[in-house]
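Every value quoted in this text rests on a predicted model; they were computed, and no experiment measured them.
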Amino acid sequence: MKYTRSYIFVLIFVAFLHCNIKAESLLSNVADSLSIELKHASNSADSLLILTDLFDVSDRSHRDSIGNIALQAAINSDNTEAALDLLRNLANVHLRSDSLLQRDLDLAMQFEPSDSRNETVAFIRMLRNMYQIRYATPLEQEKELRRLLREISTDDESDIYEQIVRLHALCLYIGASSGELLSNYMTKLEELIDGLSGAYAIKNCYYVQASIVYLQNDEYEKSVNADRKLLACIDKLQSGELGMKRRFRNYDGNRYVVYSRLLTNYPVLTNEEAETYYNEVMKLIERDDLSRHTNDMSGRPQIFYAMHKKDYKTALDLIKKYGEMPYNANIRRQILQATIESAKATGENAMLMDALQEYSSLLKKTLDDRLAEKSKELEIVYDIQHMKSEHARSAWRMQRNYVIISI
């Protein structure tokens, strides 16, 4: 269905009302100005630019309606690159809905094959990987892990995008407690992704995953390297060197998360790097509401900056305030390590004993998980080698029979 210019304006206006948009967000001067521009747009191409801007200034929870209208405008304008870019953006909005991600995937598959289309399809499939593991039962995760390991070990003929999607899923299903095995597969995934030209959406997805995985495995240098690449990509997106130039796209929230994670890798940062990252994150907290709100639930930049400075009293005070917050649950081990170091230095013996006890239990669980995972890997490798041996024997028998029949 193709929308006329006037109908697009009506749709966007109805979307504003339907979403009950607050005055301080979409009824801001920027959104009002863009709405007026949209009313006077002369064609679908002009409407597309304005709709994309409206998508960027809207609240995340209200982007679906506007994004879909913008997508239709891109299709009406025969602007395939813009349509695929919007599909990737919509997929990010739909991250918590597998049915909507499947719809986005179906739409992407309707475009003519190209690098951009293949990137979009792979990216949406990677988002579906993330959704599916979030809601899979332990038994389902076990079955999927075995299936993926067998496929990756026996199939050398799939294209690079298929290999990337499989390896990405495998790394998710292996989990963060598996140490060396996960790191090895992440390295293989990086080699494939580096072989792509462009494909910034896929690369960003990988950099985020890699920086988290390597941090959890205490591979600080690799984590820092992934986040530096992610920051470089964000810079290029903001400047328009990559993707579509977006006047109102705000990357401050993304930058806050990256700088916070970089500071969590404080053991390998130079003094200059730590100062730079900390100053940048403080600027973000000052000017950006999302960054400020996230920091209120986190305190990570302040905690790990204090640790880098060896200001143990400040670090311990911050840990007492922020350490137990749910937002920091995924870096609990790093919080405990900082607590132990700070408590030792400040003589907080009661806090030190509690942290040591919890840290010991956490290490034991991690070791048990890694041993179980290693056993599982060896079992699957044995199965795969058995399959390959049977395949080789079958091939040899077929070749022998062929020779006999030929003679």
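Residues meeting the salt bridge (Lys or Arg N to Asp or Glu O under 4.0 Å) test with Asp115, sequence neighbours left out: none.
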Next on the checklist: Glu190 vs Lys222, test: salt bridge (Lys or Arg N to Asp or Glu O under 4.0 Å). Steps then yes/no.
Outcome noted: CA-CA 11 Å; Glu190 183 175 14; Lys222 289 183 178 181; over 6 Å; no
Next on the checklist: Please evaluate residues Arg125 and Glu162 with respect to the criterion side-chain contact (heavy atoms from CB on, under 4.5 Å), reporting the C-alpha separation (whole Å), side-chain torsions for both, the decisive distance (0.1 Å), and the verdict.
Outcome noted: CA-CA 10 Å; Arg125 290 181 64 195; Glu162 181 65 30; 2.8 Å; yes
Checklist entry - Could you walk me through whether Tyr256 and Asn254 pass the side chain to side chain donor-acceptor pair (under 3.5 Å) check? => result CA-CA 5 Å; Tyr256 170 85; Asn254 307 83; over 6 Å; no
Next on the checklist: Would Leu127 and Asp104 count as a side-chain contact (heavy atoms from CB on, under 4.5 Å) here? Give the steps.
Outcome noted: CA-CA 11 Å; Leu127 295 187; Asp104 296 336; over 6 Å; no
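Lys203 places a side-chain N or O within donor-acceptor distance of the main-chain N or O of Leu196, the cut-off being under 3.5 Å.
Leu262 pairs in a side chain to side chain contact (heavy atoms under 4.5 Å, CB included) with only one of the listed residues (Val224, Val281, Thr276), which is Val224. Results of the side chain to side chain contact (heavy atoms under 4.5 Å, CB included) test with Ile202 over Glu119, Arg88, His168 single out Glu119 as the only residue that passes.
Under 4.0 Å is where a charged nitrogen must lie from a carboxylate oxygen, and between Asp317 and Lys313 at least one such pair does. The pair Lys283-Glu280 counts as a salt bridge, with a side-chain nitrogen and a carboxylate oxygen less than 4.0 angstrom apart. With salt bridges taken as basic N to acidic carboxylate O contacts below 4.0 Å, none links Lys188 and Glu191. By the 4.0 Å N-to-carboxylate-O rule, Asp252 lies too far from Arg292 to be salt-bridged with it.
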Side-chain polar contacts of residues 351-358 - donor-acceptor pairs under 3.5 angstrom, sequence neighbours left out - could you list them?
from   : atom 1 : to     : atom 2 : distance (Å)
Glu358 : OE1    : Arg332 : NH2    : 3.0
Glu358 : OE2    : Arg332 : NE     : 2.9
Glu358 : OE2    : Arg332 : NH2    : 3.4

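Using modelled atom types, one finds a donor on one side chain and an acceptor on the other under 3.5 Å when comparing Arg128 with Gln102. Checked by atom type, the side-chain pair Asn225/Glu221 shows no donor-acceptor distance below 3.5 Å. Between the side chains of Tyr322 and Asn328, no donor N or O sits under 3.5 Å from an acceptor N or O. Using a 3.5 Å distance cut-off with no hydrogens or angles, the side chains of Ser211 and Arg261 do pair a donor with an acceptor. There is no side-chain donor-acceptor pair under 3.5 Å between Asn129 and Tyr131. Using modelled atom types, one finds a donor on one side chain and an acceptor on the other under 3.5 Å when comparing Glu275 with Tyr305.
More than 12 heavy atoms of other residues, nucleotides or ligands sit less than 6.0 Å from atom CE of Met325. Counting heavy atoms of neighbouring residues, nucleotides and ligands inside a 6.0 Å radius, atom NZ of Lys320 exceeds 12 of them.
Residues Arg333 and Asp218 meet the side-chain proximity criterion, which asks for heavy atoms closer than 4.5 Å. In this structure, Tyr207 and Asp227 have side chains that are not in contact, with every pair of non-hydrogen atoms separated by 4.5 Å or more.
Summarising the geometry of Ser298 relative to Ile303, their closest heavy-atom pair is O-CD1, 4.3 Å, with the distance given to 0.1 Å.
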